[in-house]
Amino acid sequence: MKNQVRNVLLYCSLLLIGAGCIKKSKKETQVHFHLYNPVTQEKFEGVHVKIYRMKSYKLPADSKAELEWEGYTDVDGKASYVFNAADKGKYEYIPAVDKSFTKGMELILQPSPYSAIFKDQNNTLEYCVVRKIQWIHHFKNVNCYDNNDKARWRYSDITLGNDVNWSYWFPFDVIPEFSNGYFEGCTDHLTATRVDNQRTFLSQLEVTKNDSTYIIEDTLRITGEKGIDTLQLYY
């Protein structure tokens, strides 16, 4: 009888020990944090970053997250952690970043925390921050041929990538001054000052001079680092 009790207790103990163990995957999970300004390429050093482990079958608000790792970004705004993740579907890994480094700026890109880290894969987590600035457009015909010259402009915001999605042509024909939808003649036009985020533009000017039409394409950045920035659209 005593042996049976002893065996039962031993069996229960083994079950409890086994329940507390988490089987790890044999494959590596890599997590790379990268905190930077995509316009100026400013890097954010010394930012506290963490990775938590939590049970995925519970709602996030009810889950008890356990700290898996913590560290700080280096001079390149990067921090990395490589580990063997729990080899069970019920566990997920959640990134966390101390957002105090974004004070006075706008966070324009960050991963969704509950779908950011994929186990057994290489994960790059980008946090992109830009500053608010003041800027104006300056359209100027610097080599005017005659009053028949005309030009119009469009852009694609490529701050976060190279996918091109062109805006409408500017000026808009609903503006009385530009009812034909073009800057005409020997234009020298400044727009009103606007407040916006730092940006990177792919710019296109469609120019007609001396009965010849051509495109001027360029990549332009507005950073506001020298006060009110001017987007120089010269042709």
Side-chain angles (χ1 to χ4, degrees), residues 32 34-44 75-78 101-112 124-235:
H32 307 286
H34 190 192
L35 286 59
Y36 67 103
N37 182 320
V39 179
T40 64
Q41 299 305 310
E42 178 184 1
K43 312 299 191 297
F44 297 95
V75 293
D76 294 317
K78 296 180 178 181
F101 84 98
T102 68
K103 185 177 181 180
M105 297 180 284
E106 185 168 344
L107 185 61
I108 60 171
L109 178 68
Q110 63 177 323
S112 173
T124 298
L125 312 182
E126 293 186 311
Y127 295 79
C128 294
V129 177
V130 293
R131 302 178 189 279
K132 289 288 185 183
I133 61 168
Q134 297 184 72
W135 64 286
I136 59 174
H137 303 79
H138 187 192
F139 296 92
K140 187 173 183 179
N141 188 349
V142 294
N143 188 21
C144 187
Y145 182 76
D146 59 27
N147 288 332
N148 293 318
D149 290 2
K150 63 180 183 178
R152 59 181 182 171
W153 176 71
R154 66 178 182 176
Y155 71 91
S156 178
D157 189 331
I158 56 171
T159 305
L160 293 175
N162 294 318
D163 291 341
V164 175
N165 295 291
W166 292 112
S167 66
Y168 293 109
W169 288 105
F170 184 82
F172 307 124
D173 57 12
V174 295
I175 304 173
E177 186 181 355
F178 307 109
S179 58
N180 292 327
Y182 288 90
F183 296 103
E184 296 178 309
C186 302
T187 297
D188 188 355
H189 178 77
L190 287 170
T191 62
T193 302
R194 59 183 296 175
V195 177
D196 203 348
N197 291 334
Q198 294 170 315
R199 295 182 185 273
T200 302
F201 293 114
L202 181 62
S203 167
Q204 275 193 353
L205 275 166
E206 182 192 85
V207 179
T208 299
K209 291 184 181 182
N210 193 21
D211 295 325
S212 177
T213 299
Y214 55 93
I215 295 290
I216 301 173
E217 185 171 293
D218 200 1
T219 299
L220 305 173
R221 292 177 175 81
I222 51 171
T223 65
E225 294 174 332
K226 297 180 180 179
I228 298 177
D229 215 341
T230 301
L231 197 63
Q232 296 180 338
L233 300 161
Y234 297 168
Y235 57 96

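What's counted below: heavy atoms across the whole structure, side chains too, no hydrogens, waters or symmetry copies.
- Listed here is the closest heavy atom pair of Gly224 and Asp229: N-OD2, 3.1 Å.
- Put simply, the side chain of Lys209 never gets that close to the backbone of Tyr214: no donor and acceptor are under 3.5 Å apart.
- A 6.0 Å sphere centred on CG of Asp146 holds more than 12 heavy atoms belonging to other residues, nucleotides or ligands.
- Counting non-hydrogen atoms of neighbouring residues, nucleotides and ligands closer than 6.0 angstrom, the OH atom of Tyr234 exceeds 12 such neighbours.
- Not one N or O on the side chain of Thr193 forms a donor-acceptor pair closer than 3.5 Å with the backbone of Ile136.
- Contact of the Pro38 side chain with the Leu160 side chain is registered, since non-hydrogen atoms from C-beta on lie closer than 4.5 Å.
- Counting only distance, with no hydrogens or angles, the side chain of Asn37 and the backbone of Val39 share a donor-acceptor pair below 3.5 Å.
- From Asp163, atom CG reaches atom CG of Asn165 across 6.5 Å, with rounding to the nearest 0.5 Å.
- Here Trp169 contributes atom CH2 and Phe172 contributes atom CZ; the two are 12.5 Å apart, rounded to the nearest 0.5 Å.
- Side-chain rings of Phe139 and Tyr235 stay apart, their centers remaining 6.0 Å or farther from each other.
- Distance alone, capped at 3.5 Å, is enough to place a donor-acceptor pair between the Ser167 side chain and the Tyr155 backbone.
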Any chance you could lay out the side-chain contact (heavy atoms from CB on, under 4.5 Å) test for Lys140 and Leu233, step after step, and finish with the verdict? CA-CA 6 Å; Lys140 187 173 183 179; Leu233 300 161; over 6 Å; no
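- Exactly one of Thr40, Ile108, Thr102 qualifies for a side-chain contact (heavy atoms from CB on, under 4.5 Å) with Val130. That residue is Ile108.
- Classification of the Phe183-His189 ring pair by plane angle, with boundaries at 30° and 60°, yields tilted.
- Across Glu225, Glu42, Gln198, Glu106, a single residue satisfies side-chain hydrogen bond (donor to acceptor under 3.5 Å, both in side chains) together with Arg131, and that is Glu42.
- Considering CD of Glu126 and CG of Leu109, their distance stands at 6.0 Å, rounded to 0.5 Å.
- In Arg154, the CZ atom is crowded: over 12 heavy atoms of neighbouring residues, nucleotides or ligands sit closer than 6.0 Å.
- By the 4.5 Å heavy-atom criterion applied to side chains, Asn197 and Lys132 are counted as neighbours.
- Rounding to the nearest 0.5 Å places OG1 of Thr223 at 14.0 Å from CZ of Arg199.
- The CD1 atom of Ile175 sits 12.5 Å away from the CG atom of Asn180 when rounded to the nearest 0.5 Å.
- A 6.0 Å sphere centred on OH of Tyr182 holds more than 12 heavy atoms belonging to other residues, nucleotides or ligands.
- The shortest distance between side-chain heavy atoms of His137 and Trp153 falls below 4.5 Å.
- At a threshold of 4.0 Å, the pair Glu206-Arg152 counts as salt-bridged, since one of the basic side-chain nitrogens sits closer than that to a carboxylate oxygen.
- Side-chain atoms of Asp157 and Thr200, non-hydrogen and from C-beta on, never get closer than 4.5 Å to each other.
- With Phe44 as the partner, the ring-ring contact (aromatic ring centres under 6.0 Å, His included) test is satisfied by one option alone out of Tyr36, Phe101, Tyr127: Phe101.
- Interatomic distance, Phe201 CZ to Thr219 OG1, rounded to the nearest 0.5 Å: 11.5 Å.
- Salt bridge status for Asp76 with Lys78: absent, with no side-chain N to carboxylate O gap under 4.0 Å.
- Using a distance-only test at 3.5 Å, with no hydrogens or angles considered, no donor-acceptor pair links the side chain of Lys150 to the main chain of Asn148.
- Of the listed residues (Thr187, Asp149, Asp188), just one forms a side-chain hydrogen bond (donor to acceptor under 3.5 Å, both in side chains) with Asn141, and that residue is Asp149.
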What do the steps show when you test Ser179 against Asp173 for side-chain contact (heavy atoms from CB on, under 4.5 Å), and what is the final call? CA-CA 4 Å; Ser179 58; Asp173 57 12; 5.7 Å; no
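- Contact of the Ile228 side chain with the Ile133 side chain is not registered, since no non-hydrogen atoms from C-beta on lie closer than 4.5 Å.
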